[in-house]
Each structure stands twice: as C-alpha cells, then as structure tokens.
Amino acid sequence: MERSFERYFRQNHLPHLWCPGCGNGIAMKAIVQAIEQKGLSQDNTVIVSGIGCSSRASGYMDFDTLHTAHGRAIPFATGIKLANPDLNVVVITGDGDCTAIGGNHFIHGCRRNVDLTVVMFNNNIYGMTGGQASPTTPIGAKATTAPYGSVDRTFDACELAEAAGATYVARSTAFHVTHMTNMIAAGLDNKGFSFIEAMVQCPTAFGRKNRMGGPADMMKWMRDHAVMKAAWDKLPQEKREGKFPIGCFLQTQAIDYDTAYDQVIKRAGGAAK
Ligand SMILES: Cc1ncc(C[n+]2csc(CCOP(=O)(O)OP(=O)(O)O)c2C)c(N)n1
C-alpha cells in the first residue's frame, strides 16, 4: 500500500519523541493533509515553530523549517513572510508558547494581520517541562504548579485572536480529524492572520494528573464535549455549561501586513516587491 504522506516527513528524524497516545501527531498530520489538499508545494512552504513538545513537529516535517526560541515563532515567521511574501508560512506553537511567553507576539501578529497560518496545539498544559499550568489550563484542573487545582482564569485563545485582529479563527480537536484538516485548509486560503486552535490530548502531563483515563478516553471526552458552531449558536446558555464550540468562528477580510508594507515602500519612493 502506498503511504503517500511519508514524503512530507523526514524519515531520518523519526521515531518522534512524543509519548504514546499524544495528540500532537494527529494535528501534525492534519497540517500536511491540509497542505496537500491546497496543493501547496513543499519547496514553497515554510514551517516555523517555537519551543515545546508541539513545536518539535517542525523537525519531523520535510519542508524548509525553523525551530526558534520559546514564544518567538510568530516574529520569526513575520520576518520570513516580509522578506519573501511568495512563501506560505505556517507556524506550529503550543498553548504556553503562543499565549504565555509568546502572548504579546501573538496579539500583535493578529493586530498586524500578518499573512501566516498559526496552528496552536492546545494540550492545556506545559507538556515538555512536565505539566506546569498554562493560560489554557481549565480553572480547577491540576498541574505541577497547581496541585490543588488552578485558580487562574482561562484564556479562550480563539476569542483572543479575534479580539486582537486575526482575520480567520477556528477550533477543532484531535478527535475530529477531517474537520481539523478542513479548518487548517481554510486558514491556508486566507490572506492574513489565520489562527487555528487544535485541541490535542496530553495523557502524560495533563490527563494522568486530572484522572481523565487513557488517550482514547481523552479523545472521547473531546467527542462528547465539543459542539459544532452552528449547533452551539442555537444552544441556550445553561446547556453550554461544560461544553465548547468547534468550527470556524471568524472569516473576514482586512489588508494584510506585507501588502500594507508594500504601500509604505511605494509612498517612500522605493520599488515595491
Ligand atoms: C525562554 C525559555 N523559557 C522557558 C523555557 C522552558 N520551556 C520549554 S518548553 C516550555 C513549555 C512548553 O509548553 P507549551 O508551549 O504549552 O508546549 P507543549 O510542550 O505543551 O507542547 C517551557 C516553559 C524555554 N525553553 N525557554
């Protein structure tokens, strides 16, 4: 049987370092499937990541890749896009990488509407460093830094992206693989800042501490608690309790950063790209 996706992965960098049952591989595969769906060339697509388990994905993917510093993937990606606007630039980041140490870069990337597709693997925890609470750890959930349950209120990264100016915002889960692929593919189509929250299970650092069972149980939890946006919009408030919406939350148009920058170059009398 032809394993057609092998050509997207660096075989000499496998096996990966993720724990058995980790959801990161599902999100990584969804990205390459979306890239294939959109017919993007491997030679014209750059994958940029920060630091964390999720950010290790760039090392396994056979594209031009950049594994940067913790929280800094979006600034590196912005530089790549401005230097060569013809490239498709995809950012892979974790919930800590994107919304904690990289939170400022994230909101300003949205604000500038840089033409990037940012996929945030949200496992609700700092996985790589052993399970410290992140800005997406649910209130009451246990973490190594919150042994009695986290008291910090939780970021909704999609709402944050929307409020900050992103022009495409969506969420999916590792259970809903085809849906996740489609959400990412639509993000690749958008000329501007696209943000896709890919919810993934972390059985080792999050599930175990919070008694969520094994990887399959965590995926069943996603299946049972995610509500498609169209149904969510009709749900009365009391029935939303404990559930979360998935789907495309925003798709709009605004001038993207490299087009705006090109106009500046023209105004200054330079030769635009
Ligand atoms: C400047 C800096 N601070 C702290 C660290 C340690 N560190 C490495 S990964 C990580 C957290 C990663 O969490 P997240 O972004 O959620 O990714 P995950 O591992 O869960 O995929 C931290 C704090 C670092 N590498 N660099």
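In this text the structure is predicted, and so the values were computed from the model without any measurement. Excluded from the calculations below are hydrogen atoms, water molecules and symmetry mates; all remaining heavy atoms, backbone and side chain alike, are included. Sequential numbering from 1 along the given sequence is applied to the chain's residues. Start at 1 and go down the list; that is how both ligands and their atoms are numbered.
The single protein non-hydrogen atom nearest to atom 3 (N) of ligand 1 is H70 CD2, 3.8 Å, given as residue, atom name and distance. Counting protein heavy atoms only, atom 1 (C) of ligand 1 is closest to I101 CD1, 3.7 Å. Nearest protein neighbour of atom 21 (O) of ligand 1, counting heavy atoms only, is S54 OG, 2.7 Å. The protein non-hydrogen atom at the shortest distance from atom 19 (O) of ligand 1 is C53 N, 2.7 Å. Distance from atom 6 (C) of ligand 1 to its nearest protein heavy atom, with residue and atom name: T129 CG2, 3.9 Å. Nearest to atom 20 (O) of ligand 1 among the protein's heavy atoms is G127 N, 2.7 Å.
A donor-acceptor contact closer than 3.5 angstrom is absent between the side chains of T78 and R112.
Set against the non-hydrogen atoms of N123, the atoms of ligand 1 under 4.0 Å away are 18 (P), 20 (O), 21 (O). Using a 4.0 Å cut-off to heavy atoms of M128, the atoms of ligand 1 that qualify are 9 (S), 19 (O). Near I125, meaning under 4.0 Å from any of its heavy atoms, are these atoms of ligand 1: 16 (O), 20 (O).
By the 6.0 Å and 45° rule, K29 stacks over the aromatic ring of F5.
The stretch residues 166-210 participates, sequence neighbours left out, in these ring-ring contact (aromatic ring centres under 6.0 Å, His included) pairs: F106-F195.
Judged by distance alone, with hydrogens and angles left aside, the side-chain atoms of H67 form a donor-acceptor pair with the main-chain N or O of G50 at under 3.5 Å. With T93 contributing its side chain and C98 its backbone, the two residues share a donor-acceptor pair below 3.5 Å. At least one donor-acceptor pair closer than 3.5 Å links the side chain of D95 to the backbone N or O of I125.
The nearest pair of heavy atoms linking N123 to C202 is CB-CB, 3.7 Å.
Proximity of T93 to ligand 1, defined as any heavy-atom pair under 4.0 Å, is not found for any part of the residue.
When the heavy-atom distances from atom 8 (C) of ligand 1 to I92, I51, D95, N124 are ranked, the shortest goes to I51. With atom 16 (O) of ligand 1 as the reference point, the heavy atom nearest to it among G96, G50, C202, S49 is part of G96.
Within a 6.0 Å sphere centred on CD of Q11, heavy atoms belonging to other residues, nucleotides or ligands number more than 12. Atom CZ of F155 has 12 or fewer neighbouring heavy atoms from other residues, nucleotides or ligands inside a 6.0 Å radius.
Considering backbone and side-chain atoms alike, D97 places an N or O below 3.5 Å from some N or O of ligand 1.
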